[in-house]
Amino acid sequence: MKERILRIYRGFPKTAAALCAVCLAVYAALAVWAGGSVGGLVIFWLAIALYIVLPGMQLARLSGLDRAMPGFRAPLVILLGSGFLACAYCVSVRLDALWLVRGVPLVLSILAVCAWRSGGGRFVSPRRVWQAPHRRLLALLFSFLVAANAFAAVIKYALPSRAGDVLIDQDLLYLVGNAKSFQIAFPPQEIRFYNVRLAYHYLTELLCAALSTVSGQDCYQVLAFYLQPAMLAALIVCLYRFSQVFYGRVLRKNLLFVFGLFCFGCAGLWTILPNGLSVFGNTNITHLLTNITSQTTATVFLCIFAGMWLLAARQNFKVGWIQLAATLCAFVMLTVAKGPVGGLLLAGCAASLVFLVPRRKAGLKALALFAGMAAAFGVLYMALFSAGANGGMMLSFTDSVSRTPLAAVLSWLDGIRYGLSAKVAPVLWVVQTALMAPALFIPWLAGLAADARRFWKLDAGRLLANACALGGLLAFFIFRHPHFSQVYFFLLALFFLTLLAVDGVDRLHRGWLKKLALFGAAVGAVTAMFYYVHVFGSGARYFLRDVGVLEKYPYDTVMNTDDEAAALWLRDNTDPSIRFATNRIHSDNLHGDGISNFYTALSGRQAILEGYTYVADTAPWMWVDERKADNAAIFDPASSPETVLELCEKHGVDYLVYSSQMKEGSEEGLQFLPCVFTSDTVRIYQLPEGKDDAV
């Protein structure tokens, strides 16, 4: 059996190339069908090369970091290229000088090409690259994930003009709106609720806005259709390079770590089929595959920072200040990408330094680096997302467990004696961890037991990995968030659990423990298989409904072609500085959820109130209530023209967008205004420049 696996591993280069081509062709075809274009794809990837890859290569060369960390060059290029583009874009928008972000990275690209040619650079033959079996495996994984993302996300983001009436994911629309808010001003303002600063982990949206500006592609197309392959490619490269830093160039461990994050799920087996959700709460594959703007980006920069931290630690942090500054920049990028991950990683670094400093494995430079990280985290947390990041987060020893089938055990314990479940909770934490990660649990415990016996002698890598794994699990189980946001603590822990479990495999010898570990791996692999079956099946059903093969469910409220046309009319016929009001402030007529992001996302124009749920922790509730009341009065048929004009003047409204799909409001009181856009379900009315002109 082993020989057969090795033959498959080493062979079939043409078959592997064909499979990769098919997967990528499927993605490209679906992206174009859903609302993208072939030209847009080509231009976007060209922008990635000219504005991130080549500038990153030049900055790595000029700083000397490529020589200081020769085996970590690709992650360095991603860090320096994307960081420089993000900074250049913020400065350009702030100074209203977009020529800076369009021109300066191109200068670096030209210098990179010149330096490469003057150094005698040569192109490596693609055939030579493809001959390495491990590269073929990584390419196959990348291609498969891109195709899976096309079915899990791209199809479901299809625009109404391509797919008819659709229910586009509101989270995607929220992220697109965030990206377009960067194109209006910096610092960005909440595009759905004016005069409130955007508070969010928004690194991906910032990079999306920059790439949209330099490539000329709309932010919606970038986030919904074009960005996924780039992020997945960066993720696989960074995972592989980080594994080489941690394990050394031990190929089987390098590959097992990368594949382990995508090929092992929870102990849920077929229960994941209906909706793709793990009954035990392990959504790691889903987040890495579809949460491109959050978890994928955070994992990329987690690999970069952790790799740079370990490389510095192995030299007792006696490295140049430029390398330390780059490590700090990686931490800043990680924190802007996902604040909770940055906070837990900061704690993990602190815990590892407690054991490194007394052993003289870390000195003043290490403490200076950590002080810079702590200061940066404090500033970013307060300046970027403190108002919304901790809203609703509370202590609870049983919440994470209660969201799984183990809730029945909690009820049984409380039935015996009230409050007993909280006392027994740590035991259930261990059980849930085993159920969430059955493939990793036994190898991780084997390695943990060995590490505990020689804890004082552990190197920096294992200290950091153990601290983050245990700290992430503890945070996951002791915190409660109404939207289950504590899952991000578990996802960080799972990253390091996988890292440690791969090493722990070598500690499993023949016997019942090894058999139990193999059984857990089989359960996790089968669950992952069922998840991918769900992904492709669910996406196929969406596609068949959109092309008319299957009948669509008659939803009460949809995103239709009228909505898209109205939003694009605002984008193409108004100045970016205008404001609009709309009666569509909920995703549908049933929930009253205050989440409607469609018009802002597609138009890139500021609304006084298109949604309010996501700003509830940032803006005082009295502001939200007042804005809701004023918005309702604008579309109230009983309001007089004078009242409508006064309220519009109060909030600086230039246009009114009315959707007849919504039960709230009416356009009867707006017909004294000129209608500049009309369709079956959407009308746009323009406010006059002077109040007296309208009455």
Checklist entry - What pairs with T527 under side chain to side chain donor-acceptor pair (under 3.5 Å), at least two apart in sequence or on another chain? => result none
Item to check | Heavy-atom side-chain proximity of M436 to T404 below 4.5 angstrom | outcome: no
Item to check | Expected output: side-chain K253 to main-chain V502 donor-acceptor under 3.5 Å | outcome: no
Checklist entry - Would you call the rings of F479 and F489 parallel, tilted or perpendicular, where under 30° means parallel and over 60° means perpendicular? => result tilted
Item to check | Smallest separation among heavy atoms of F72 and I304, with atom names | outcome: CE2-O, 3.6 Å
Checklist entry - For L380 and V332, what are the C-alpha separation, side-chain angles and deciding distance, and is it a side-chain contact (heavy atoms from CB on, under 4.5 Å)? => result CA-CA 8 Å; L380 291 172; V332 169; 3.9 Å; yes
Item to check | Side-chain heavy atoms of M333 within contact of L203, under 4.5 Å | outcome: yes
Item to check | For H201 against P340, the heavy-atom pair lying closest together | outcome: CE1-CD, 3.4 Å
Checklist entry - Counting only N and O atoms by type, is there a donor-acceptor contact under 3.5 Å from the side chain of R94 to the main-chain atoms of F186? => result yes
Next on the checklist: Any side-chain to backbone donor/acceptor pair from D459 onto G461? Under 3.5 Å, distance only.
Outcome noted: yes
Item to check | Distance in Å, L406 CG paired with S421 OG, rounded so as to fall on 0.5 Å steps | outcome: 12.0 Å
Checklist entry - Counting only N and O atoms by type, is there a donor-acceptor contact under 3.5 Å from the side chain of R314 to the main-chain atoms of V245? => result yes
Checklist entry - If you measure only the distance, is there a donor-acceptor pair under 3.5 Å linking the side chains of T297 and T204? => result yes
Checklist entry - Hey, is CZ on F144 packed in by over 12 heavy atoms from elsewhere, all under 6.0 Å? => result yes
Checklist entry - Is it true that a side-chain atom of R241 and a backbone atom of C303 form a donor plus acceptor pair closer than 3.5 Å? => result no
Checklist entry - So, do S109 and M57 sit near enough that their side-chain heavy atoms are less than 4.5 Å apart? => result no
Item to check | Check: T299 and L239 side chains under 4.5 Å, non-hydrogen atoms | outcome: yes
Next on the checklist: So, taking the atom named CZ in F182 and the one named CD in Q189, what distance separates them when rounded to the nearest 0.5 Å?
Outcome noted: 10.5 Å
Next on the checklist: Can you confirm whether more than 12 heavy atoms, excluding those of L100, are under 6.0 Å from its CG atom?
Outcome noted: yes
Checklist entry - Are F257 and F246 near enough that their ring centres are under 6.0 Å apart? => result no
Next on the checklist: So L138 and F142, do their side chains get closer than 4.5 Å, heavy atoms only?
Outcome noted: no
Checklist entry - Between the side chains of S400 and Q432, does any donor sit under 3.5 Å from an acceptor? => result no
Checklist entry - Can you tell me how far the OH atom of Y247 sits from the CG atom of L255, to the nearest 0.5 Å? => result 11.0 Å
Next on the checklist: If you compare all heavy atoms of A501 against all heavy atoms of P443, which two are closest, and at what distance to 0.1 Å?
Outcome noted: O-CB, 3.4 Å
Checklist entry - L345 and F496: side-chain contact (heavy atoms from CB on, under 4.5 Å), yes or no, with the steps? => result CA-CA 11 Å; L345 201 60; F496 287 101; 4.0 Å; yes
Item to check | Shortest non-hydrogen contact from V341 toward L334 | outcome: CG1-CD1, 3.8 Å
Checklist entry - Yes or no on side-chain contact (heavy atoms from CB on, under 4.5 Å) for N284 and H287, after CA distance, side-chain angles and deciding distance? => result CA-CA 5 Å; N284 185 58; H287 276 83; 5.5 Å; no
Item to check | CZ (R360) with more than 12 external heavy atoms under 6.0 Å | outcome: no
Next on the checklist: So, taking the atom named CG in L206 and the one named CG in L85, what distance separates them when rounded to the nearest 0.5 Å?
Outcome noted: 8.0 Å
Checklist entry - What's the verdict on ring pair (Phe, Tyr, Trp, His ring centres under 6.0 Å) for Y51 and Y89, showing C-alpha distance, side-chain angles and the deciding distance? => result CA-CA 11 Å; Y51 287 89; Y89 183 74; over 10 Å; no
Next on the checklist: Under the criterion side-chain contact (heavy atoms from CB on, under 4.5 Å), I'd like the reasoning laid out for T498 against W444: C-alpha separation, chi angles, the key distance, then a yes or no.
Outcome noted: CA-CA 8 Å; T498 307; W444 170 60; over 6 Å; no
Checklist entry - When you look at NZ of K361, are more than 12 heavy atoms from neighbouring residues, nucleotides or ligands closer to it than 6.0 Å? => result no
Item to check | Side chain to side chain, F331 and M308, heavy atoms closer than 4.5 Å | outcome: no
Item to check | Atom pair CG (L497) and CZ (F441), whose distance is rounded to the nearest 0.5 Å | outcome: 9.5 Å
Next on the checklist: Counting C-beta onward and ignoring hydrogens, is there a side-chain heavy-atom pair between L346 and C349 closer than 4.5 Å?
Outcome noted: no
Checklist entry - Does F370 have its ring centroid less than 6.0 Å away from the ring centroid of F317? => result no
Checklist entry - Can Y531 and T286 be counted as having a side-chain donor-acceptor contact under 3.5 angstrom? => result yes
Checklist outcome for this item: CG (L302) and CZ (F305) are apart, to the nearest 0.5 Å, by 9.0 Å
Checklist outcome for this item: Tightest non-hydrogen contact, residues A326 and L65, listed as CB-CD1, 3.7 Å
Checklist entry - What pair of heavy atoms forms the shortest contact from S402 to A407, and how long is it? => result O-CB, 3.3 Å
Item to check | V107 and L111, any side-chain heavy atoms less than 4.5 Å apart | outcome: yes
